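Everything below concerns the one structure shown next.
From a predicted model like this one, the values you see are computed outputs, not experimental measurements. Labels below follow one simple rule: chain letters A, B, ... track the order of the sequence lines, proteins then strands, and each chain is numbered from 1.
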Protein chains: 2
Amino acid sequence: MKSVLDQIRPDNDQANTCPIRDVLDRIGDQWSLLVLATLDPGVKRFSQLEREIGDISKQMLSKTLRRLEQDGFVAREVHAEVPPRVEYRLTALGRSFLEPMRGLIRWAEANQAAIVAARRRA
Amino acid sequence: MKSVLDQIRPDNDQANTCPIRDVLDRIGDQWSLLVLATLDPGVKRFSQLEREIGDISKQMLSKTLRRLEQDGFVAREVHAEVPPRVEYRLTALGRSFLEPMRGLIRWAEANQAAIVAARRRA
DNA sequence: CAGAATCCTTGCCGATACTG
DNA sequence: CAGTATCGGCAAGGATTCTG
């Protein structure tokens, strides 16, 4: 069985970036995962995302969405109307990503108490 | 089935932090996951970690280790010798965390090509 | 060897204002 | 409504130095 390490090291070879670090860099930021999760139930408009997330700025929401779109996690659909309406939805890739995430989420829920306890001990 | 959203929103209630965001904030940084992975095979000394990771600075390795220790992912053992020898190893909590991570790693490996392709299209 | 302390650069990100 | 453009504060993190 391959160790976790082999798959995470940044420079196994020179120019090829590590897939996991690549993915984590997208997901590890402050908002990406939250946006993906907010889109999980279905289609949402820009301002709807803004409202539901609450504490995200327009700029970060915009940037986050564009990067998620670029990476193929989210699809963007512009309706030629006035006022403009833009809808966002998860792609198949985006939905498939949330699958393994649920495992991590379950772990986090199950073990947060242990982490908080450890933190308090220290 | 609970949606992913319910478990990720930062403010379901007032003062309680979201477990997933809490965990991701630890793991999402530049080094934590890499350090955990490097410790996966077994016990390692400080300079050994430094060498194996390669592009981490002393300061960041130290900070990362202390935080991982605080949160109960890593155990630190000091041997009273000259020169000093300090060993780090994963705790049970740390090892258990790597379990769900493997799912994410597998996903990243399986789908990085799709992400790169999407990126190139954009 | 294992780290703590210091300095300094970089870029993330929030707030705000502006546009089609 | 759905963004982009600009400014600025602040914190992450690299390089280096110092110590037990």
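Taking the nucleotide of DNA chain D with the nearest heavy atom to each of B:K63 and B:P84, the more 5' of the two is matched to B:K63.
Counting to the nearest Å, the P atom of C:dA2 and the NZ atom of B:K44 are 13 Å from each other. A straight line from CG of A:L65 to P of D:dC1 spans 16 Å, rounded to a whole angstrom. Separating the CG atom of B:L68 from the C1' atom of C:dG3 is a distance of 16 Å, rounded to the nearest angstrom. Taking atom OH of A:Y88 as the reference point, atom P of D:dC1 lies 14 Å away to the nearest angstrom. Atom CD in B:Q48 sits roughly 13 Å away from atom P in C:dG3 (whole-Å rounding). Rounded to an integer number of Å, the gap from A:L49 CG to D:dC1 C1' is 13 Å. Taking atom CD of B:Q30 as the reference point, atom P of C:dT10 lies 16 Å away to the nearest angstrom. The interatomic distance linking B:L61 (CG) with C:dA2 (P) rounds to 10 Å, in whole Å.
The base of D:dT6 sits within donor-acceptor range of the side chain of A:Q59, with an N or O pair under 3.5 Å.
Close to C:dA2, at under 4.0 Å from its OP1 or OP2, lies a side-chain N or O of B:R45. Side-chain nitrogen and oxygen atoms of B:R76 include none within less than 4.0 Å of the OP1 or OP2 phosphate oxygen of C:dA2. A close approach under 4.0 Å does occur between a side-chain nitrogen or oxygen of A:S57 and OP1 or OP2 of C:dG14. At the phosphate of C:dA4, OP1 or OP2 sits under 4.0 Å from a side-chain N or O atom of B:R66.
Within 4.0 Å of A:E50, counting heavy atoms only, lies no atom of the nucleic acid at all.
For A:E87 and A:K44, the salt-bridge test fails: no basic side-chain N is under 4.0 Å from an acidic carboxylate O.
Looking at A:L33 and A:F97, their side chains come closer than 4.5 Å, going by heavy atoms from C-beta outward. With a 4.5 Å cut-off on side-chain heavy atoms, A:R85 and A:R45 count as touching.
Nearest to the side-chain atoms of B:S62 among the listed nucleotides C:dG14, C:dA4, D:dA2 stands C:dA4.
Separation of atoms CG (B:L90) and CG (B:L39) is listed at 5.0 Å; rounding is to 0.5 Å.
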(request) Report the C-alpha separation of B:T91 and B:R95 in whole Å, then their side-chain angles, then the decisive distance to 0.1 Å, and conclude whether the side-chain hydrogen bond (donor to acceptor under 3.5 Å, both in side chains) test is met. (result) CA-CA 6 Å; B:T91 62; B:R95 277 191 302 275; over 6 Å; no
